[in-house]
Amino acid sequence: MRKPFIAGNWKMHKTVAEALELADGLRESLADVATMDIAVCPTATALHAVSEALAGSNIGVGAQNMYWEEQGAYTGEIAPPMVKELAQYIIIGHSERREYFGETDETVNAKIKAALAHGLTPIVCIGESLEQNEAGETVSFVRSQIHGAFAGLSASDAQKLVLAYEPIWAIGTGLTATPESANATIRTAIRDVLKALYDEETAEAIRVQYGGSVKPNNMAEFIVMPDIDGALVGGASLTVEAFSGIIKNAVAALNG
Ligand code: PGA
């Protein structure tokens with residue numbers, strides 16, 4: 001059984017004071033949720049404060065990016081052991097990092113290996129652009145991203161990953177894939193490939209989140225899909241009301 005997992009990606013939002021206010025509010029609002037994994041991913045500058053504020057709670061903490069080297073002359077980067085001090089999760093290969101900061105399948109793969117070597121759980125983002133979607137290239141493109149991400153990983157390492165399938169055209173746009181089409185892509189472009197690369201057990205063990213304009217009012221229809229195990233939430237993770245609404249609606253949908 002895959003435990004549902006909803007994570008909030010705060011992107012480049014919130015000062016430390018603002019991040020603490022949100023973390024404190026979520027801690028209180030979500031204290032009763034036990035059937036689902038929850039995490040928030042603040043900016044690097046707020047990681048320390050937020051990880052202290054959420055210590056001992058049911059809300060985990062993730063970073064949004066890191067480099068793969070242990071340490072060294074890499075101005076502006078943070079290293080896996082630094083993230084590990086403050087977080088359990090690490091978002092890798094978000095489409096914004098691929099688009100604006102030159103991330104490739106190769107850098108994503110190197111970061112995944114570094115994360116696993118340090119006991120961090122990678123949340124690896126994949127998904128097609130609007131052009132690819134309209135050209136009917138979604139499945140082949142997402143498959144190629146899966147091959148790139150998992151290159152050189154053993155089955156036992158592969159099972160430690162969380163994937164976030166995020167059609168790029170649905171991120172921050174208010175548009176979403178339909179739950180049925182997201183589920184079909186996850187099945188044919190992700191789980192079928194993992195089954196071929198590894199085995200059925202591995203393909204069925206890996207949690208796959210949906211991402212792209214997830215809101216309190218549409219979470220339920222995604223979480224009930226058989227291959228969707230949660231969500232990676234951007235804009236709607238920035239207020240207590242919206243993010244706790246998403247989680248509570250997901251819990252209710254799964255209980256109902
Ligand atoms: P969004 O972002 O929820 O604002 O569309 C999702 C994401 O980028 O992970």
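In what follows, every heavy atom counts, from backbone to side chain, and hydrogens, waters and symmetry copies are set aside. In each ligand, atom 1 is the first atom listed, and ligand 1 is the first ligand listed.
- Using modelled atom types and a 3.5 Å distance limit, the side chains of Glu137 and Ser140 yield no donor-acceptor pair.
- Scanning the protein for heavy atoms near atom 4 (O) of ligand 1, the closest one is Gly235 N, 2.8 Å.
- A salt bridge links Glu103 with Arg97; the closest basic N to acidic carboxylate O contact falls under 4.0 Å.
- Numbered from 1 in the order shown, with element, the atoms of ligand 1 that lie under 4.0 Å from a heavy atom of His94 read 7 (C), 8 (O), 9 (O).
- Atoms of ligand 1 found under 4.0 Å from any heavy atom of Gly212, numbered from 1 in the order shown, are 5 (O).
- With a heavy-atom cut-off of 4.0 Å, Ala170 touches ligand 1 through its backbone alone.
- Heavy atoms of Gly211 stay at 4.0 angstrom or farther from ligand 1.
- For the pair Ser213 and ligand 1, a heavy-atom separation below 4.0 Å is found.
- Side chain to side chain, Thr121 and Gln88 fail the donor-acceptor criterion of an N or O pair below 3.5 Å.
- Taking a 6.0 Å sphere around CD of Glu69, one finds it holds more than 12 heavy atoms contributed by other residues, nucleotides or ligands.
- Atom CD of Glu21 has 12 or fewer neighbouring heavy atoms from other residues, nucleotides or ligands inside a 6.0 Å radius.
- Here the side chain of Arg2 pairs no donor or acceptor atom with the backbone of Asp229 at under 3.5 angstrom.
- Ligand 1 places these atoms under 4.0 Å from at least one heavy atom of Gly172: 1 (P), 4 (O), 5 (O).
- When only non-hydrogen protein atoms are considered, atom 3 (O) of ligand 1 lies nearest to Gly234 N, 2.8 Å.
- Heavy-atom separations between Lys11 and ligand 1 include at least one value shorter than 4.0 Å.
- When only non-hydrogen protein atoms are considered, atom 7 (C) of ligand 1 lies nearest to Glu166 OE2, 3.1 Å.
- Minimum heavy-atom separation, Leu54 to Ala23: CD2-O, 3.6 Å.
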